[in-house]
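First comes the structure, then the notes that go with it.
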Amino acid sequence: MNDTVTTTISPDVRQRHADCMALIASDKCRASFSELFDFYAPRVKSYMLRLGASALEAEDLAQDVMVTVWRKAGMYDRKQASVSTWIFRVARNRRIDKFRRTSRPDLDADEPMLRPPDIEQPDAALDRVQIEETVRAELVKLPHEQLELLQAAFYEGLSHSEIATKFNLPLGTVKSRIRLAFGRLRGQLEPEGGDADT
Amino acid sequence: MMQQPATSSYSELYSAYAAGQLDPAFALLLETQSMLRRDVRGALAASEAVSGFMLETAEPVQMSAGAGARALELIDALESGDSVTATDFTGDAELACLPMPLRDKALEAFDAAGWQANAPGIRRMKLDVGSDLEIELYRIQPNAKVPRHSHGGTEFTLVVAGGFSDETGSYGPGDLAVKGPDDTHQPVGDPGEVCFALAVRDAGLQFTGIMGVIQRVLGR
């Protein structure tokens, strides 16, 4: 059994959270806000604690994030992201404002950022909902040891070398495992360039 | 059709960005590139979806008693003193065409200090993103020459609109040029459209391993 993932919420609940956002935006609906608050505030608090905030700071930041959710509810678009992802972004940005601890990781030789773009179909809109669905469907299937590396990278924001130290793994293994897992999340069945190293 | 594998390549920059650990200058560079390139946009969307999932499945930590009620009080206080500040577009009309969030940063810099002339047809403007790195927007007119220069450290230049060419080749929207301390070059604006480019420069700080990247990826 996988103990990293506690509970994922059902598509119905996710839909409901999106409805709550819409009601806050259109009607300033307080009941909807309370519903989102009860679910997300304790999770945002948990996130802030994990990232090193004190209990007091974490509580304040969670309050602050939720008030921002109220203020910016009109900017939420369910075609762009789930409520969880959107609130994560708000929380992340709030944390960056509060504690500026940012870094620049080393760039790999095959850094995609430096590559020329692949042939694009300019008209094809990016289906973010589909991307998020694939990511979610694959995340719950990932083996525990890949999931915890993703958590360290995408949630706690550790660099690959920090992850290698934390999990006592060779750097190359960390890199290939994360690359492999991310490939799966993007709907790739085969690891690119072989060398899965699992 | 599925995206081809190359488009979904993972980068450590993507997870650092999603988690909020990337230097703000690099974050802006990456956000701008994502507005210009669908492959980068998709990779960032997937990365943030991972982070969002982690938040959703995080072990909740109970808020203190009455926290929800206090949040509603804060909201009431906020609503009564409603101060909506509308940002009006007084800045350069050209800048209004830049992709967000670069546009906001550029308009802010335009209001603060404006463009600085650098050479005939070349203007530049420092942006304030709260980074220790230097980040500048360049405006290069068609056929205008950026004075030949070398770099103290490493320079990353993302073409936002139009294009420029130098000894190593041509760069168009979404392309990123990287120059190391030993490179000198003289970019020239491509004919046609005005070129806008975003440059992130690292004066003394070292990018480990970046010279290898330059040689292998861009080495010509």
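In what follows, every chain begins at residue 1, and chains take the letters A, B, ... in the order their sequences are listed.
Remark: B:Glu56 CD to A:Phe88 CZ distance equals 13.0 Å, nearest 0.5 Å. Between A:Gln151 atom CD and B:Ser51 atom OG the span is 10.5 Å, to the nearest 0.5 Å. The distance from atom CZ of B:Phe53 to atom CD of A:Glu132, rounded to the nearest 0.5 Å, is 10.5 Å. Distance CZ/A:Arg92 to CG/B:Leu55: 11.5 Å, rounded to 0.5 Å. The OG atom of B:Ser47 sits 10.0 Å away from the CG atom of A:Leu150 when rounded to the nearest 0.5 Å.
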Kindly indicate, with the supporting measurements, whether the criterion side-chain contact (heavy atoms from CB on, under 4.5 Å) is fulfilled by A:Phe33 and B:Ile75.
CA-CA 10 Å; A:Phe33 176 77; B:Ile75 284 166; 3.6 Å; yes
Quick one, A:Arg30 with B:Asp76, criterion salt bridge (charged side-chain N to carboxylate O under 4.0 Å, His left out). Give me CA distance, side-chain angles, the key distance, then yes/no.
CA-CA 11 Å; A:Arg30 296 164 79 95; B:Asp76 288 337; 2.7 Å; yes
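Among B:Ala46, B:Ala45, B:Ser131, B:Gly172, the residue with the largest count of heavy-atom pairs under 4.5 Å with chain A is B:Ala46. Of the listed residues (B:Gly52, B:Ala25, B:Ala27), the one with the most heavy-atom contacts under 4.5 Å to chain A is B:Gly52.
Contact record, B:Val50 with A:Leu139: CA-CD1, 4.2 Å, taken as the closest heavy-atom pair. The shortest non-hydrogen separation linking A:Gln63 to B:Ala71 is OE1-CB, 3.2 Å. Looking at every heavy atom in both residues, B:Ala49 comes nearest to A:Thr85 through CA-OG1, 3.7 Å.
Here the side chain of A:Arg50 pairs no donor or acceptor atom with the backbone of B:Ala58 at under 3.5 angstrom. The main-chain N or O of A:His160 is found under 3.5 Å from a side-chain atom of B:Glu12 such that the two form a donor-acceptor pair. Looking at A:Ser46, its side chain does come within 3.5 Å of a backbone N or O of B:Glu59 through a donor-acceptor pair. Under the 3.5 Å distance criterion, the side-chain polar atoms of B:Gln21 are left unmatched by any main-chain donor or acceptor of A:Leu158.
Inter-residue side-chain proximity for A:Pro42 and B:Gln62 is flagged as unmet; no heavy-atom pair is nearer than 4.5 Å. Counting heavy atoms from C-beta on, the side chains of A:Glu59 and B:Ser64 come closer than 4.5 Å. B:Met54 is not listed as a side-chain neighbour of A:Glu156, based on a closest heavy-atom distance of 4.5 Å or more.
Only the side chain of B:Leu74 comes within contact range of chain A, with heavy atoms under 4.5 Å apart. Looking at A:Ala153, the atoms closer than 4.5 Å to chain B (heavy atoms on both sides) sit in the backbone and in the side chain alike. When heavy atoms are compared at a cutoff of 4.5 Å, A:Tyr155 approaches chain B by way of both its backbone and its side chain. Interface remark: B:Glu48 contributes backbone and side-chain atoms alike to the contact with chain A (heavy atom separation under 4.5 Å).
At most 12 non-hydrogen atoms from other residues, nucleotides or ligands lie less than 6.0 angstrom from CZ of A:Arg16.
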